[in-house]
Amino acid sequence: MAVCLLISKDGRHKPINLPHGHAVILGRGPETTIKDKACSREQLEVTADCNRKCVSVKQLGANPTSVDSQMVGKGNLLMMRAGQQLHMVNALYPYSVCFKEDPSSCQSSTEKCVGAKRPYGSSSLDGDHHKEPSGSRGPRGAQDSTQCELGESTSSPPSKLKPNTHTTDKVETFGHWSQGLKSSMQDPKMQVYKDDRVVVIKDKYPKARYHWLVLPWESIPSVKALRREHCDLLRHMEQVADGVVEQHCPDHNLLKFRLGYHAIPSMSQVHLHVISQDFDSPCLKNKKHWNSFTTNYFIDSKEIIGMLEKDGRVTVKEGTEDLLKLNLRCHVCGAEISTIPKLKEHLKTHTHGR
DNA sequence: GTTCTAGAAC
DNA sequence: GTTCTAGAAC
């Protein structure tokens, strides 16, 4: 199986591996080193087909992405081949793609990714959940049906790119921590349930006794990308969540659960939190953790679906980020509590030793 | 997202 | 002195 690399033609960063059949979201951020506000954090979704030697390019951001001189258009998709030039936004930040059997040969090809203006940094793969999956997709695949038909779901592991030891620059790549869920959801060891539309995994750092994540196979970066047509999928995610609670939580009649989304998630790929309301977990450590589940930063699934039915999109109120800085307040009785350790002691008074 | 740690708060 | 938080680094 060939591998596909996305090469920054102005040498902003080292080539980004595009695993066969995996939708990869790119935009402003450490991965591309692009800081230009005209470029969305989620500007593009690219999916490589290493069999057909093509890459689908979907524009997610508002400002124009182009392939050669052809504009993609927001929500639209264009196919790109080796030799063509992609501009991330506003005819800036040129990229090309390269398919090679031997990944190392890509860097010495005519793509001029050697001798770049800016030296490539080393990638940071600092935890196992940060690594990208090496193989299977979900049953229906991680790309939507409008993209080019992809062949087998088996793909080669991401190629190892030679780290440049002559630089101390830190350029984060596809293994960036924010992509960790995409890798976890593909890992059979993490999967609690899966069907043709969704997968359920345990949260790696649960903030309560029971804490699962329900993720769609379809690539949806965050709640911002949700539209009216996703309502049915979201209702299915709720149903699956209810089933997992019933099946995997022996105390489901005693414990209260909430199903919802973070208004501003840190991790890419939309995920429904299914969390018991005991918040009894050593992984719950700070104010941000607490407030992200107990203030309006946490939006109930029903509310999200309601917004989509009414407005066709999810709007996050201004100042939502500030909710994370609010004083600690018990979600059961409303008491304000000064520190996390005291809050944890207080919570025991509500669980009555259970 | 987590980890680490300086320094604020006690 | 210890505990705890907040922000940088990853």
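Naming: A, B, ... by sequence-line order, numbering from 1 per chain.
Rounded to whole angstrom, the span from the NZ atom of A:Lys344 across to the P atom of C:dT5 amounts to 10 Å. Rounded to an integer number of Å, the gap from CG of A:Leu324 to C1' of C:dT5 is 15 Å. A:Ile201 has its CD1 atom 12 Å from the P atom of B:dG1, to the nearest Å. Rounded to a whole Å, the CG atom of A:Asn286 is 12 Å from the P atom of C:dG7. Note: CD (A:Gln179) to P (B:dT2) measures 16 Å, nearest angstrom. Atom C1' of nucleotide C:dC4 and atom NZ of A:Lys325 are separated by 18 Å, given to the nearest angstrom. With rounding to whole Å, A:Tyr205 atom OH is found 6 Å from B:dT2 atom C1'. Remark: P of C:dA6 and CH2 of A:Trp290 are 16 Å apart, rounded to the nearest angstrom.
A donor-acceptor pair shorter than 3.5 Å cannot be found between the side chains of A:Asp49 and A:Thr47. Donor-acceptor pairing under 3.5 Å is lacking for the side chains of A:Gln84 and A:Ser96.
Listed pair A:His262 / B:dG1 meets the phosphate criterion, a side-chain N or O lying under 4.0 Å from OP1 or OP2. Close to B:dT2, at under 4.0 Å from its OP1 or OP2, lies a side-chain N or O of A:His289. Contact annotation: A:Lys287 does not reach the phosphate of C:dG7 (side-chain N/O to OP1 or OP2, under 4.0 Å).
Residue contacts for A:Lys342: at a heavy-atom cut-off of 4.0 Å it reaches no nucleic acid atom on any strand shown. Using a 4.0 Å heavy-atom distance criterion, A:Lys285 is classed as a sugar-phosphate-only contact.
A distance below 6.0 Å separates the ring centres of A:His346 and A:His350.
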* Apply the test salt bridge (Lys or Arg N to Asp or Glu O under 4.0 Å) to residues A:Asp232 and A:Arg197: give CA-CA distance (whole Å), side-chain angles for both, the deciding distance (0.1 Å), then the verdict. => CA-CA 11 Å; A:Asp232 193 52; A:Arg197 301 166 82 184; 3.1 Å; yes
